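None of these values were measured; they are calculated from a predicted model. Here is the naming used below: chain letters follow the sequence lines, and residue numbers restart at 1 for every chain.
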Number of protein chains: 2
Amino acid sequence: MGHWFVTLDASLKARWQKAFPDAQSSTADVVEQHAKSGDLVWIASSVASWPTLTQRLVPMGLTVVILSYSPHDKEALKALDLGARGYVHTLAAVSVLEQVALVVSNQGIWVGQELLAKVIGGSFRALSQRTEAPANDYDDHLGVLTERERGVALAVARGATNKEVARQLDITERTVKAHLSAIFRKLSVRDRLQLMLKLSSTNERVVS
Amino acid sequence: MGHWFVTLDASLKARWQKAFPDAQSSTADVVEQHAKSGDLVWIASSVASWPTLTQRLVPMGLTVVILSYSPHDKEALKALDLGARGYVHTLAAVSVLEQVALVVSNQGIWVGQELLAKVIGGSFRALSQRTEAPANDYDDHLGVLTERERGVALAVARGATNKEVARQLDITERTVKAHLSAIFRKLSVRDRLQLMLKLSSTNERVVS
DNA sequence: TCTATTTCTGTCCATCGGTACAATATTTTT
DNA sequence: AAAAATATTGTACCGATGGACAGAAATAGA
């Protein structure tokens, strides 16, 4: 199994070479063309194209780990969502990187404990609601919305612009506005900011 | 690193003293006032106020483990959601308690394997990374801002419009815009929505 | 004292966001 | 079948937002 490093920061390469002496540091293109199935690819999130790169590499059978200088849950979730199998601090100790390599190359997923706790906590709400409370906080806010409106509301709650929502749902921006007007009226909020607050207050899952 | 025990059950104290001879058994108030950052606090779930106590202790930099006579998934998830880092049976073997202490005091999370398997379907590994530099998340995001910029950022994160912020801080709308421009640049966000997300993601306090 | 930082303000302008009028087609309910 | 709800798109209007140029006063540090 080979290791590949993708970064713009030259100072990182020395660090990584130390952790994995037989690793190769290269560009996105080179990795895409020469990496073999099963190889492990470490990508710095400072590489702007890391999401698309991840999306391309994962289907090729490569294992991707994202490294971030300022790890945060949202980016971690995005990384996992795109198929990455690990999310670590760029400056994690070499011993940690070795452990990460071990875990992810054996079908494991490596993620920080804060995120893990949140994921578990979020699942808890979903589970407990189904088992004992049919009327849940999901319905409290989003239940009055139609399926389509829910989709728009969630996209907006993630910070998307109207244009982005339109692209995501493959409808025109005008339609997004129409749905939003209905959402605002039904939920009694004045704009997308208040909508965001309303949803995030009781429905953390919108970020995942 | 000190150990603190919070319980109403006197019989537990002897047990815990055996596991951790240098530990202190005391009340919630005492712990809150004397425990130091990094200390490990064991709380029996028979203490009715354990959720609120956990919520107060975690932000203080304390590591919290909840002990339950009748462990169940729902309570465990609630504990984790509140920031506890471990959930164990009150009568777990002393050797187990020692392992728990080792894991949680090294940034790990301890939960029963049944729960872990149930919630995450076996795809996650309960390994954890030690994220160095535990600069708190407040400074992570807002530390680079000036005092005034922080005020503007927090107001906007609560969903206020520029006009409202201007009124609140008794400055012109133009000044609010100037501060916002600086905030966006410093925090690398494109607009107030992303700012909102960035702040609420790791700093729940701003929205509450 | 000089400099850098911070705070506050101005105008202009392009874009975004939301509403007010719409209309049409599809699906669901009665 | 008729009615209601849902999903879609259009034009026009206007306030909100954010950047592009600014400038000026106060404060803190060297």
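Comparing atom distances between the A:T175 side chain and each of D:dT8, C:dA22, D:dG19 picks out D:dT8 as nearest. Nearest nucleotide to the B:F184 side chain, out of C:dT9, D:dG18, D:dA7: D:dG18. Nearest to the side-chain atoms of A:K163 among the listed nucleotides C:dG18, C:dC16, C:dT7 stands C:dC16. Comparing atom distances between the B:I171 side chain and each of C:dG17, C:dT9, D:dT9 picks out C:dT9 as nearest. Here the side chain of A:K177 is nearest to one of C:dG18, C:dT9, D:dT9, namely C:dG18. Here the nucleotide nearest the side chain of A:T172, chosen from C:dG18, C:dC8, D:dG10, is D:dG10. Closest to the A:T161 side chain, of the nucleotides C:dG17, D:dG18, D:dT6, is C:dG17. When each of D:dT9, D:dT17, D:dC21 is scored by its nearest atom to the side-chain atoms of B:E173, the top-ranked nucleotide is D:dT17. With D:dT6, D:dG19, C:dT11 as the choices, the nucleotide that has an atom nearest any side-chain atom of A:K186 turns out to be D:dT6.
With hydrogens and angles disregarded, a donor-acceptor distance shorter than 3.5 Å links the side chain of B:T161 to the backbone of B:E164. Judged by distance alone, with hydrogens and angles left aside, the side-chain atoms of B:D39 form no donor-acceptor pair with the main-chain N or O of B:L62 at under 3.5 Å. Side chain of B:S49 to main chain of B:T52: no donor-acceptor pair is present (N/O by atom type, distance under 3.5 Å, no hydrogens or angles). Between the side chain of B:R192 and the backbone N or O of B:A160, at least one donor-acceptor pair lies under 3.5 Å.
Put simply, CD on B:Q194 is 16 Å from P on D:dT17, counting in whole angstrom units. Counting to the nearest Å, the P atom of D:dG19 and the CG atom of B:D191 are 9 Å from each other. Note: CD (A:E149) to P (D:dA7) measures 6 Å, nearest angstrom.
Both A:R174 and B:L180 lie near DNA chain D, and the one whose nearest nucleotide falls closer to the 5' end is A:R174.
A salt bridge is absent between B:E75 and B:K78; no separation between the charged side-chain nitrogens and carboxylate oxygens falls under 4.0 Å.
Across all strands shown, A:R148 has heavy atoms under 4.0 Å from sugar-phosphate atoms exclusively, and none from any base.
At least one side-chain nitrogen or oxygen of B:N162 sits closer than 4.0 Å to the OP1 or OP2 atom of D:dT17.
In this model, no side-chain donor or acceptor of B:R192 finds a partner on the base of D:dT17 within 3.5 Å.
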